[in-house]
Amino acid sequence: MCTHSHANSAGPEDLVASEKMLRRVTANPGEYNDAFVNEFKVFVRELRDFFNASGLEDVIAKTTDTLDAPHAAAVEQLLSSKRKVEGGGASGSLDDLMALLFAVTQACMHPSCASQTDEGGMSRQGRDVHLRHAADCHPK
């Protein structure tokens, strides 16, 4: 439930505009009032939730406390590999990309999700993580 009533009547174009404004108001700390920036971050987060447009790490953060230790470790390895690839930019190595691919596969196919797998052997949670990551990497 959004605490900002405007978020409930927003269109997708409002999310795009809000994301741009958030980048601008957070670019130079101290340029805008901290209370305004914090409230605007809440507003943008609510818009993302409203449009189910949260990033991969936001989605994972909401589910990691329900995972067993081995699966949580696999997901943490996925996030670590993702950050390493993203931090490398265009100079990211093939080894880093392969480590990320392996981590995605491990997180998606972990045995703790075996009872919730699709016909390809991928867990529903894993498939959602994989699809979210693909959307983050290849926006429309």
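Note that the CG atom of Asn33 and the CD atom of Glu39 stand 11.0 Å from one another [nearest 0.5 Å]. Interatomic distance, CG of Leu67 versus CG of Asp65, reported as 8.0 Å (0.5 Å rounding). Between the OG1 atom of Thr105 and the CG atom of Leu100 there is a distance of 9.0 Å, given to the nearest 0.5 Å. A distance of 10.5 Å separates OG in Ser18 from CZ in Arg23, rounded to the nearest 0.5 Å.
Between Phe36 and Phe40, the angle of the ring planes stays under 30°, which puts this pair in the parallel group of the 30/60° scheme.
Side-chain contact between Leu22 and Thr26: present, with at least one pair of heavy atoms (C-beta onward) separated by less than 4.5 Å.
Residues Phe50 and Met21 fall within the same hydrophobic cluster, defined by Ile, Leu, Val, Met, Phe, Trp and Tyr side chains chained together at heavy-atom separations under 4.5 Å.
Other residues, nucleotides and ligands contribute at most 12 non-hydrogen atoms within 6.0 Å of the CE atom of Met98. Annotation for Phe102: atom CZ does not count as buried by contact number, only 12 or fewer foreign heavy atoms lying within 6.0 Å.
Comment: Glu76 engages Arg83 in a salt bridge, judged by a side-chain N to carboxylate O separation of less than 4.0 angstrom.
Not a single donor-acceptor pair under 3.5 Å links the side chain of Asn28 to the backbone N or O of Glu31.
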Self-check item: Pair Val16-Glu13, side-chain contact (heavy atoms from CB on, under 4.5 Å): steps then yes or no
Solution: CA-CA 5 Å; Val16 172; Glu13 67 281 0; 5.6 Å; no
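Residues Ser81 and Ala99 share a closest heavy-atom pair of OG-O, 3.8 Å.
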